[in-house]
Protein chains: 2
Amino acid sequence: MINKKNNIFAYLISNMFTQSEENYLKAIYHLELVSTKGISTNAIAKKIETKASSVTDMVKKLSDKKVVVYKKYKGVKLTSLGKKTAANIVRKHRLWEVFLVEKLNFSWDEVHEVAEQLEHIKSPKLINQLDAFLDFPKQDPHGDPIPDKEGNLKTIEKSLLATLHKNEIGICVGVNDSSSEFLQFLDKQGITIGQEIKVLDKEDFDNSLSIEIDQKELSISSKIANNLYIQKK
Amino acid sequence: MINKKNNIFAYLISNMFTQSEENYLKAIYHLELVSTKGISTNAIAKKIETKASSVTDMVKKLSDKKVVVYKKYKGVKLTSLGKKTAANIVRKHRLWEVFLVEKLNFSWDEVHEVAEQLEHIKSPKLINQLDAFLDFPKQDPHGDPIPDKEGNLKTIEKSLLATLHKNEIGICVGVNDSSSEFLQFLDKQGITIGQEIKVLDKEDFDNSLSIEIDQKELSISSKIANNLYIQKK
DNA sequence: AATTACTTTTAGATAAGGCTAAAAATATAT
DNA sequence: ATATATTTTTAGCCTTATCTAAAAGTAATT
Ligand SMILES: [Mn+2]
Ligand SMILES: [Mn+2]
Ligand SMILES: [Mn+2]
Ligand SMILES: [Mn+2]
């Protein structure tokens with residue numbers, strides 16, 4: 001089945017990181033997007049649902065492999081190699097999500113779990129061909145940007161729906177929370193990426209919003225408004 | 001990332017077997033197709049390029065999980081649950097191979113290694129949708145049959161090219177050896193699935209064949225002729 | 001500054017999956 | 001029937017990735 005004898009080089013480079021190591025790298029990558037300080041052991045543990053002691057062990061290993069710098073008690077930071085590696089996993093994850101939605105009729109709340117597995121498949125050709133097959137998409141089904149081959153990530157201009165003022169109009173371009181509960185709620189309300197949303201009113205008392213979508217009026221809580229990204233019109 | 005808390009049931013059923021267990025099951029499945037006796041420890045070890053002692057350990061575990069029956073020193077046999085499980089992995093492997101060739105422009109000698117990874121992705125919906133997306137293919141790129149959802153495998157009528165007599169004509173329907181070396185050799189000679197092949201002459205001395213493909217005459221060794229499946233015309 | 005609380009690391013254990021070397025069982029040859 | 005060869009199993013060790021409990025370090029509070 002697997003042919004270890006030939007393709008030694010391809011085998012080696014494509015197996016630089018285990019699935020577990022890749023999941024840690026990705027977690028650190030995501031945490032660094034929202035924090036400039038060193039990423040704490042506990043933060044990582046929470047993100048990947050493991051124990052702090054396991055994180056300490058893994059972080060030492062990643063440090064040996066030169067993908068993070070680690071100072072005891074001071075948290076970790078990705079090296080540029082680490083950033084590139086992590087971005088590549090995110091790239092794969094998001095391309096697979098696009099595939100699942102565009103080609104296999106998954107809904108946007110069903111793709112994450114499967115992509116979590118598919119992101120670990122080792123084959124540069126596979127991901128390049130997939131990218132081409134999907135016509136080089138720039139965003140995943142949740143509106144998140146897809147890193148390019150070099151790991152560069154072009155973030156689009158976006159604001160939270162909660163920041164819109166009365167009578168302003170925005171286009172939905174992404175979600176902050178991509179749990180299936182939230183996504184299914186959005187489906188139910190008819191809110192998808194690309195949907196135009198107008199703020200009819202804002203309630204000072206609880207920060208809820210009255211919005212208009214497709215000529216229908218709808219009231220949404222502050223929590224919803226703080227998890228929806230829009231582009232101002 | 002992975003959400004173990006919700007979907008406990010889906011999590012459990014889709015994680016019944018580890019990647020390693022699945023590879024063993026598949027190896028035994030393939031070995032049983034060419035042997036009616038219990039599959040020996042050594043045969044499995046050779047197939048998955050591991051040591052006999054590792055096989056003994058794994059076989060005990062598979063026996064505990066009721067997918068094989070194991071009698072010390074007597075080899076193993078798949079139970080019906082084991083057969084179904086293995087067939088499902090083969091189904092996934094071959095569907096992914098079709099996907100890679102049909103949609104991502106892989107050549108037939110490049111798909112196996114990647115399919116070896118993709119076959120372990122756990123998602124019933126994924127494989128059902130993929131099947132539909134590919135238009136319910138019945139053979140993989142090497143001409144091997146794709147088991148159905150129940151694990152039933154419809155083998156087509158086929159014979160080795162070596163069994164054809166002088167002046168008989170066959171259609172190439174599969175390969176016995178699917179190593180990339182052999183497949184690339186076939187590419188070079190212009191032999192693909194569906195190709196018509198006429199036997200012009202057989203050489204008694206070394207059992208080599210003189211064949212005609214696309215109006216061109218070609219001499220092939222007995223080894224080649226014993227690794228090409230054809231359907232007699 | 002001292003105490004308390006929280007975070008992080010260490011130490012030690014476990015389970016999966018692999019290995020080597022030796023022992024035991026089976027098969028083959030004399 | 002015995003001796004030899006081969007196959008298979010067992011015993012013991014290793015690595016990876018987890019965990020719990022305890023120790024050590026850092027931060028917050030009085
Ligand atoms: Mn996702
Ligand atoms: Mn993952
Ligand atoms: Mn294959
Ligand atoms: Mn495999």
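This one's a predicted model, so the numbers in the text were calculated from it and none came from an experiment. Chain letters run A, B, ... following the sequence lines, proteins first and then strands; every chain starts at 1.
Rounded to whole Å, the distance from CE on A:Met58 to P on D:dC19 is 11 Å. One interatomic measurement links the two molecules: CD of B:Gln19 to C1' of C:dA15, which rounds to 18 Å at whole-angstrom precision. Look at CD on A:Glu22: it is 15 Å from C1' on D:dT16, rounded to the nearest Å. With rounding to whole Å, B:Ile44 atom CD1 is found 16 Å from C:dG18 atom C1'. In this structure, A:Lys65 places its NZ atom 10 Å from C1' of D:dT16, rounding to the nearest Å. A:Glu21 places its CD atom 10 Å from the P atom of D:dT18, with the value rounded to the nearest Å.
A ring-ring contact (aromatic ring centres under 6.0 Å, His included) check over residues 66-97 of chain A, counting only residues at least two apart or in different chains, returns the pairs A:His93-A:His112, A:Trp96-A:Phe99. Listed by first and then second residue, the salt bridge (charged side-chain N to carboxylate O under 4.0 Å, His left out) pairs that reach into residues 74-93 of chain A are A:Arg91-A:Asp131, sequence neighbours excluded.
More than 12 non-hydrogen atoms from other residues, nucleotides or ligands lie less than 6.0 angstrom from NZ of B:Lys125.
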Walk along nucleotides 5-14 of chain D from 5' to 3' and tag each nucleotide B, S or - by protein heavy-atom contact under 4.0 Å, base first, then sugar-phosphate. --SSBB----
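Residue A:Tyr24 has no polar side-chain atom (N or O) positioned under 4.0 Å from OP1 or OP2 of D:dT16. Taking 4.0 angstrom as the limit, B:Ser20 places none of its side-chain polar atoms (N or O) nearer than this to OP1 or OP2 of C:dA16.
Shown here are the side chain to side chain contact (heavy atoms under 4.5 Å, CB included) partners of B:Ala87, two or more places apart in sequence or in another chain: B:Tyr29, B:Pro147. Residues satisfying the side chain to side chain donor-acceptor pair (under 3.5 Å) test with B:Asn226, not counting sequence neighbours, are B:Ser222. Applying the salt bridge (charged side-chain N to carboxylate O under 4.0 Å, His left out) rule to B:Glu32 yields no partners; only residues at least two apart in sequence or on another chain are considered.
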